[in-house]
Number of protein chains: 2
Amino acid sequence: MPKISNRVRILQTSRDLMNQSGAQSISTNHICEALKISPGNLYYHFKNKEEIVYALFLSFKTEFVGAFADEPEKPVSPEDFAGYYIRTLDIAFDYRFLFSGLLALLRRDDQLAAEYRALQTWTLARLSAIAAQVAEDGNLGGPGTPTQYDSIALNTWLIWSNWVRHIEISKGSSDVSRSDMVQGLHQIFDVLSGQLAPQFEAAVRAHLNQAE
Amino acid sequence: MPKISNRVRILQTSRDLMNQSGAQSISTNHICEALKISPGNLYYHFKNKEEIVYALFLSFKTEFVGAFADEPEKPVSPEDFAGYYIRTLDIAFDYRFLFSGLLALLRRDDQLAAEYRALQTWTLARLSAIAAQVAEDGNLGGPGTPTQYDSIALNTWLIWSNWVRHIEISKGSSDVSRSDMVQGLHQIFDVLSGQLAPQFEAAVRAHLNQAE
DNA sequence: GTCTATACGCCGATAGAC
DNA sequence: GTCTATCGGCGTATAGAC
């Protein structure tokens, strides 16, 4: 029965501390102190601080991509549609340090920057494809051009990827609540309001409220 | 004929450097070196680094609020409407370091945090009032409730306040072009697409393209 | 107002014993 | 794998001469 390795504990604690205070104000010393381990121990498991952040990013990426794992062919039900956003926003919350100080992190690590951008590109294409499918199902606007789907995808992405940060900025503290998150989901769907078929939108909203 | 004081030169150079590399990776030493002045000189003019950032924020605030200086009573012309966004996004670009590392800055300075939040609250109210006026002019949707205007205000604000950062994240470098900015303006109005009266929206878009 | 010189602390990272 | 000890570097900020 294997104990939890220090490598895993370092990752867990780093994520907690960085979510709380920002990635950039957490030093390797802080992490060691919180774990009651020595600096040498930490540097045995990770070459440097960037490697810790990068490992956490990979975990985020895996969870995030997994939240989209679905057959994109079929009609998109209101439950599917709401589910994408509910699940991914939960994940974004768990790794909110990534988004809060994103630009600073990307400036310090070229590899992370490249992978983040690839993930963003992938996500935008995925969101656009979902919008196109919803339109094909007859639940979104008139016969739209691909460009419109891209614009919808980008707008929802911008709100999605900045929502937790927006809450942290607006409230003084970093205690973000579940209802703050649900409010963000409604905010995302407000973008689509008037373009979604009314009964489809109502069903989506109902699912959001269940998530609360 | 008074020379430009070192105080002013410190502010100018700080803004340039911080826009380029991020507020947080620019030290007082960097600023001194760029200006060929001594640390003692800098600290004669400013108590600490936060005071520099705070002074720059005040400049931003003045310019930003000035860009909204208008009688809110009258009907809002497409030119007015486009103008608010064109002018303010230009200003946001000039002070983009504020938005790029916002959360880190607010965490380090309570006074700045309080003032930023106040400005955000003011702006959201202003945007909501403008939306209400556009609706009253018959150029926005049906008879909407105030809540809808607030939601529109928040959505446009989220895109507005994160656009420059989004560009910096998406491109590798920090060379943001004028056309990147205009694209952001269109993106903002895509949120309102389908809710604005068609001829009003067309006139607004035309003004955006002139700005390019 | 501006300079030189410097104190002090923290951070990232490594060497080498155990 | 984990520890102790430590190095070099940098960042903020101040003291005191000019």
Side-chain angles (χ1 to χ4, degrees), chain A residues 1-57 97 100-101 103-113, chain B residues 1-57 97 100-101 104-112:
Chain A
M1 165 164 174
K3 291 195 304 184
I4 297 174
S5 72
N6 263 359
R7 186 174 203 281
V8 171
R9 294 176 66 227
I10 289 167
L11 289 174
Q12 288 173 338
T13 300
S14 297
R15 194 179 69 164
D16 289 345
L17 291 176
M18 289 176 180
N19 278 339
Q20 198 167 42
S21 308
Q24 121 166 134
S25 62
I26 298 299
S27 70
T28 50
N29 286 353
H30 290 138
I31 299 165
C32 294
E33 197 181 356
L35 282 168
K36 309 289 181 196
I37 65 172
S38 65
N41 191 335
L42 184 147
Y43 279 92
Y44 171 80
H45 291 286
F46 295 94
K47 215 186 74 187
N48 51 37
K49 190 177 152 186
E50 275 134 48
E51 213 174 87
I52 297 175
V53 171
Y54 183 69
L56 288 171
F57 170 78
F97 78 92
S100 305
L103 202 47
L105 293 175
L106 301 192
R107 277 200 248 244
R108 285 177 187 280
D109 184 343
D110 288 343
Q111 190 184 6
L112 179 65
Chain B
M1 165 163 175
K3 293 194 305 184
I4 297 174
S5 72
N6 264 359
R7 186 174 203 280
V8 171
R9 295 176 65 226
I10 290 167
L11 289 174
Q12 288 173 338
T13 299
S14 297
R15 194 179 70 164
D16 289 345
L17 292 176
M18 289 176 180
N19 278 340
Q20 198 168 41
S21 309
Q24 121 164 136
S25 63
I26 297 300
S27 70
T28 50
N29 285 353
H30 291 138
I31 299 165
C32 294
E33 199 181 354
L35 282 169
K36 309 290 182 196
I37 64 172
S38 65
N41 191 335
L42 185 147
Y43 279 92
Y44 170 79
H45 291 288
F46 295 94
K47 216 185 74 190
N48 52 38
K49 189 177 152 185
E50 276 133 48
E51 213 174 87
I52 297 176
V53 171
Y54 183 69
L56 287 171
F57 170 79
F97 78 91
S100 304
L105 293 176
L106 301 192
R107 278 200 247 245
R108 285 176 186 281
D109 185 343
D110 288 344
Q111 191 183 5
L112 179 65

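Computation of the quantities below employed the complete heavy-atom set of this structure, encompassing side-chain atoms and omitting hydrogens, waters and symmetry-equivalent molecules.
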Side chains of [X] and [Y]: closer than 4.5 Å at any heavy-atom pair?
X         : Y         : answer
Val53(B)  : Arg108(B) : no
Asp109(B) : Leu105(B) : no
Leu42(B)  : Leu35(B)  : no

Atom-to-atom span, [atom1] of [X] to [atom2] of [N] - whole angstrom:
X        : N       : atom1 : atom2 : answer
Asn29(B) : dT6(C)  : CG    : P     : 16 Å
Asn41(B) : dA17(D) : CG    : P     : 18 Å
Glu33(B) : dC3(C)  : CD    : C1'   : 16 Å
Lys49(A) : dG9(D)  : NZ    : P     : 20 Å
Tyr43(B) : dT6(C)  : OH    : C1'   : 14 Å
Ile52(B) : dA13(D) : CD1   : P     : 9 Å
Leu35(A) : dT2(D)  : CG    : P     : 11 Å
Tyr44(A) : dT14(C) : OH    : P     : 15 Å

Original post:
Where do Leu56(B) and Phe97(B) come nearest, in terms of heavy atoms and distance?
Top reply: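 Result for this residue pair: CD1-CZ, 3.7 Å.
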Original post:
Any idea which heavy atoms bring Ile4(A) and Arg9(A) closest together, and the distance?
Top reply: CG2-CG, 3.6 Å
Original post:
Relative to the 5' end of DNA chain C, which residue comes earlier, Gly40(B) or Ile26(A), by the nucleotide with the nearest heavy atom?
Top reply: Gly40(B)
**OP:** Verify the contact: side-chain N or O of His30(B) to OP1 or OP2 of dC10(D), cut-off strictly under 4.0 Å; return yes or no.
**Re:** no
Name the closest nucleotide to the [X] side chain, picking from [options].
X        : options                   : value
Thr28(A) : dG12(C), dC3(C), dT12(D)  : dG12(C)
Asn6(B)  : dT2(C), dC3(C), dC11(C)   : dT2(C)
Asn48(A) : dA13(C), dC11(C), dT14(D) : dA13(C)
His45(B) : dC3(C), dT14(D), dG1(C)   : dG1(C)
Pro39(B) : dC3(D), dT14(D), dA5(D)   : dT14(D)
Ser27(A) : dT12(D), dC3(D), dG12(C)  : dG12(C)
Ser38(B) : dT4(C), dT2(D), dG12(C)   : dT4(C)

